[in-house]
Amino acid sequence: MINLENFSEWYSEILERAEIYDVRYPIKGCGIYLPYGFKIRRYTLDILRRLLEERGHEEVLFPLLIPEDLLAKEGEHIKGFEDEVFWVTHGGKKPLEVKLALRPTSETAIYYMMKLWIKVHKDLPIKIYQVVNTFRYETKHTRPLIRLREIMTFKEAHTAHATGEEAENQVKEAIEIYKEFFHELGIPVMVSRRPEWDKFPGAQYTVAFDTIFPDGRAIQIGTVHNLGQNFSRTFDLEFETLEGGKDYVYQTCYGISDRVIASIIAIHGDEKGLVLPPQVAPIQVVIVPLLYKGKREVVEEKALELYKLLKEMGIRVEIDNRDIRPGRKFYHWELRGVPVRIEIGPKDLENKVVTIYRRDTEEKYQVRKEDIKEEILSLFERIKENMRERARERMERYITTLDFSEDTPLEEIVKEVRKNLKERKGVILIPYSERVYSEDLEEKVEASILGVTEYKGKKYVVVGRTY
RNA sequence: GGGCCUGUGGGGUAGCCUGGUCUAUCCUUUGGGAUUUGGGAUCCUGAGACCCCAGUUCAAAUCUGGGCAGGCCCA
């Protein structure tokens, strides 16, 4: 129904037809979350908020504008962003004395304030996060929800700690949170430490989460940074230690963006449209009554009864009462990825059952009326599990492991990697060695080194084309 | 960063080369009505478009320049 061969085309068609995101706003890289898309976003963020708050994070909200001097304070950091900052230069007709940046990210804004908040070790740790829009003046191709000029959803967490060890543990916690988050969404990920040349500007090191899209390109969907004392030194985040001395705080930050929404769509979707994990589906169950003349009222009544039952269970349920043919409704809701559809018709009433259709496997089966409650709950679990498993398998097919020895000539490695990238797409894993782990190799194979990762107990360099 | 291409109702298109026949084609969408309903029904009747600015010309959807927006290829 929708061509899966051309991912790019499939993706834009889904966004439009499933009413997730409207790309037609007249500014490059800026679009609109439509109600349906917005709900997916909200339920996704609900999960993330829950996971963060369970582990002691608190939500805050910082201003969009950052004065130039503040943004420029950390040398390495600003270098990483200066070419892509949007500037507010005027107030009305008057030029501003200090230009104001639309935040490309909020480290500098937040750390300026942290200085006011931190005096002694008892003020630590601080674990805060916010969900905001950020801006990057992208010159390359923008892509809806993947490469935006206005990133509408950026969940950024920032922490400050009394010791390096604590910060290190915080990095681990963040990784755990994100792992759990992606697990909930059924999005398979690879976790790797980014190479020096590709880490977050100003960070000591960066750990990144990547998944692989159906076209075989890798995409970064989460990052965790250990900032050490880089920022705390420039922002003078000094505190009195337990022993009465002075030290600068140790910081971490980690972020998730709109790309998660793009991933939910891309990773699980099929030729019929979206397939949504139940936790983030705006409508979890849709009831389609089959209205034959003469038997209309009975069916409608039973549908309403069922609706009330599910509603009481806290399920997001709707009845589709539109006066169009059932087939049309089926396609409509399948396109939108509704996980479960329940059909009720005269035949079902006779047999005291309902007909259930699950979106992920496209199976249809009957359930006795009295078993519906239990069935739906366990079905949600089965759907989650199945989607996760299927996505994992799909990604595995895009992971190619190559085996080289220390004396394999570099040219041969390059040749093999290029060949495999071309034929198999996805990512190529090369046994770790220093001569391979260099920017030089990226140029030779015309792809990026995502980093170093553990895979099936061995250490590999991960290479792939990225978004 | 360099190169190529495109812009017509909400979406997809025909027309553009060779200006006039355009009151702009077809599919989809959409309002109203009839009929139908276990996988995209049908009929009747309405609605809806030449990206923006300037230029050439008696005349521009069509030609020229610029802007904006989008797509593709190479680094």
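Just so we're on the same page: letters track the sequence lines, and every chain starts at 1. Model, not experiment: these values are computed from the prediction.
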Using the [atom1] atom in both, what is the distance from [N] to [M], to the nearest Å?
N     : M     : atom1 : answer
B/G40 : B/C27 : C1'   : 14 Å
B/G11 : B/U18 : C1'   : 31 Å
B/U23 : B/A41 : C1'   : 33 Å
B/A75 : B/G66 : P     : 28 Å
B/C51 : B/A14 : P     : 14 Å
B/G46 : B/G65 : C1'   : 42 Å
B/C16 : B/C63 : C1'   : 10 Å

Protein N or O to nucleotides 47-51 of chain B N or O, pairs below 3.5 Å:
none

Quick one: side-chain hydrogen bond (donor to acceptor under 3.5 Å, both in side chains) pairs with a partner in residues 394-415 of chain A, sequence neighbours left out?
A/Arg392-A/Glu396, A/Glu396-A/Tyr455, A/Thr400-A/Arg424, A/Ser405-A/Asp407, A/Ser405-A/Thr408
Is a donor on one side and an acceptor on the other found under 3.5 Å between the side chain of A/Lys329 and the backbone of A/Arg322?
yes
Donor-acceptor pair under 3.5 Å: do we get one between [X]'s side chain and the base of [N]?
X        : N     : result
A/Thr139 : B/G1  : no
A/Glu343 : B/G38 : yes
A/Lys364 : B/G39 : yes
A/Arg296 : B/U37 : yes

Determine, for [Y] and [X], whether the Lys NZ or Arg CZ falls below 6.0 Å from the six-membered ring centre while staying within 45 degrees of the axis.
X        : Y        : result
A/Arg149 : A/Tyr137 : yes
A/Arg193 : A/Tyr205 : yes
A/Arg316 : A/Tyr43  : yes
A/Arg341 : A/Phe330 : yes

Do any N or O atoms of the protein come closer than 3.5 Å to N or O atoms of nucleotides 69-75 of chain B, and which pairs are they?
from  : atom 1 : to       : atom 2 : distance (Å)
B/C72 : N4     : A/His141 : NE2    : 3.4
B/A75 : OP1    : A/Glu446 : OE2    : 3.2

If [N] has a Watson-Crick or G-U wobble mate with both distances under 3.5 Å, name it; if not, just say none.
N     : result
B/U25 : none
B/U6  : B/A69
B/U37 : none
B/G1  : B/C74
B/C58 : B/G20

Ring-ring centroid check A/Phe200 A/His77, cutoff 6.0 Å:
yes
Phosphate-side-chain proximity, A/Tyr292 and B/G38, N/O vs OP1/OP2 below 4.0 Å:
yes
Between A/Arg368 and A/Asn351, is a side chain to side chain donor-acceptor pair (under 3.5 Å) present by the stated rule, with each step listed?
CA-CA 8 Å; A/Arg368 288 188 315 185; A/Asn351 303 325; over 6 Å; no
Please name all residues satisfying side-chain contact (heavy atoms from CB on, under 4.5 Å) with A/Lys444, sequence neighbours left out, ordered by chain then number.
A/Leu410, A/Val414, A/Asp440
Under the side-chain contact (heavy atoms from CB on, under 4.5 Å) test, residues paired with A/Glu13 that sit two or more places apart:
A/Ile2, A/Arg17
For A/Arg359, is there an ion pair with A/Asp270 - N to carboxylate O distance below 4.0 angstrom?
yes
Checking all strands, does A/Arg17 fall into the base, sugar-phosphate, or nothing category for heavy-atom contacts under 4.0 angstrom?
nothing
Over all strands shown, is A/Glu16 touching base, sugar-phosphate only, or nothing at heavy-atom distances under 4.0 angstrom?
sugar-phosphate
RNA chain B contacts among residues 327-337 of chain A, heavy-atom distance under 4.0 Å:
A/Gly327, A/Arg328, A/Phe330, A/Tyr331, A/Glu334
Residue pair A/Glu362, A/Lys272: steps toward the salt bridge (Lys or Arg N to Asp or Glu O under 4.0 Å) verdict:
CA-CA 10 Å; A/Glu362 302 183 45; A/Lys272 287 185 163 180; 3.0 Å; yes
